[in-house]
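The block underneath contains the structure these notes are about, expressed in structure tokens.
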Amino acid sequence: MDPKALDELLLRAAGHAIRYRSTVADGPQGAKRSFIDMRQVFSAPVPETGCDAATLIDELSRDAEPGLNAMTGPRFFGWVIGASHPVGVAADWLTSAWGQNTGNHVATPAAAAVEAVAAGWLLDLLDLPRACSVGFVTGATVANFVCLAAARGAVLRKLGWDVEAAGLFGAPPITVMIGDDAHTTVFSALQFLGLGHDRVVRVKTDAQGRIVVADFAAAMGAVSGPCIVILQAGQINTGAFDNFAELIPLAHDKGAWVHVDGAFGLWARATPAHRHQAAAIETADSWATDGHKWLQTPYDCGYAIVRDEAAHRRAMTIAASYLPPTQEGERDPSHYVPELSRRARGFATWAIIKHLGRQGIAAMVERHCRVARQMAEQFKSEQGITVLNDVTLNQMLLRFGADEAPDQADILTQQTIARIQRDGVCFAGGARWRGQQVMRLSVISGETTEADGRIAADAICAAWRIVRQQPRDQPL
Ligand SMILES: *Cc1c(COP(=O)(O)O)cnc(C)c1O
């Protein structure tokens, strides 16, 4: 591409990005167009001839924006979704422009080295054993997969079975112990690993989704042979933490590998105000967490953290004659993840940590938790709204129509969600919890402040008042 065209293309894209990001706070927080609309907008036969690059970027920006959700906006409370911090976005632009294949350190010394440094920073911030290995993966789903692959290999190796070479056929059976309210993607990871999403021992949980210690102790008592225990830091609906201090020793007594899914909850460790909630988590054997949730890295980014580096590397080994060996002190990014070729995720992670610093990250996590508590207080004082969980972190479950029959409250809750999504002041979605329809709010978007929390809570209360007053036979 000639230098002038390159200049115009990249500046054009930057211009659209900057305009989008600087107006996202004021626009509607939900998408204006549906998938079907968007499909129509983009639908066309394969282009036979090419077109001008800069014009195409204008077109992409114009056509896509109405179908974007304001996930980077300050009043987006849907799902558990980070907000692509601008510093991470800037580092990510460079990452794309540099186009580094981050398989090994010889091919890309800079990307491999920055990843090694960022890995150390993550262990320090999350206060996990500093000798752990860290794989930079696409998200917590794959981080769970990587950690559980290491676990599978390690527990079988103790019995002399080399699962990486011999596979699972004929292997000693592994008991997998998991809480009843584990995240659905952990079951996916088990499914990918041949451990089966149903071939598990599910342990009862309490009202907040925490594993009941007595039930766990009883279940552990019945275990003999290789065992993997999966605990959770930050339940997706309630934000609750398992009781690591009591559960992990029970598991270790039986020689089990303890894995923790801490996609967002592990970041409670980054602030003195919340770290007690994840006390003793550092005694586990592996941890999965996300960069693209609480740390606000651009998509996609997650971290697979493993205490036993050898088990981690054995599970992820890729060997080929053209891949250079590593010497003492060197680190190949591909040794810790399933992929060989991939994006240099370390740059954005490094940039955000360097920009915010330990104190900035702690302040952000604390602020989000404070906003969640404030919002919960406001909802508790509004007639007909029930806050279903203990708001101890950033997650909140609301039910509308407290004094109505359960199916009526389900409908009123759905109507309030639909109404709030139409209003566009903030975005919140639905979920089911303990058989009931709920509105789920997640305070985790980088720029969300106390003021945003108030605006959003006011809008949700206002939507609820309208729903409450409408005739009851109206269709959804
Ligand atoms: C989001 C989440 C996951 C899955 O993470 P992805 O980044 O979407 O792959 C797993 N566990 C929990 C608790 C989560 O919140």
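Every number for a ligand or one of its atoms is a count from 1 in the order of the listing.
Protein residues with a heavy atom closer than 4.0 Å to ligand 1 are Gly139, Ala140, Thr141, His183, Thr185, Gly234, Ile236, Asp261, Ala263, Phe264, Asp290, His292, Lys293, listed by chain and number.
The residue from Tyr299, Trp267, Phe264, Tyr303 that alone fulfils the ring-ring contact (aromatic ring centres under 6.0 Å, His included) condition with His292 is Tyr299. Applying the side chain to side chain contact (heavy atoms under 4.5 Å, CB included) test between Thr175 and each of Val155, Val229, Val200, Val223 identifies Val223 as the sole match.
The pair Arg157-Glu164 fails the salt-bridge criterion, with no side-chain N (NZ, NE, NH1 or NH2) lying under 4.0 Å from an Asp/Glu carboxylate O.
Evaluation of the side chain to side chain donor-acceptor pair (under 3.5 Å) rule for Arg434 yields Asp181 as partners, not counting sequence neighbours. In this structure, the side chain to side chain contact (heavy atoms under 4.5 Å, CB included) partners of Lys32, at least two apart in sequence or on a different chain, are Pro28.
Counting only residues at least two apart or on different chains, the side chain to side chain donor-acceptor pair (under 3.5 Å) pairs with a member in residues 66-84 are Arg75-Asp452.
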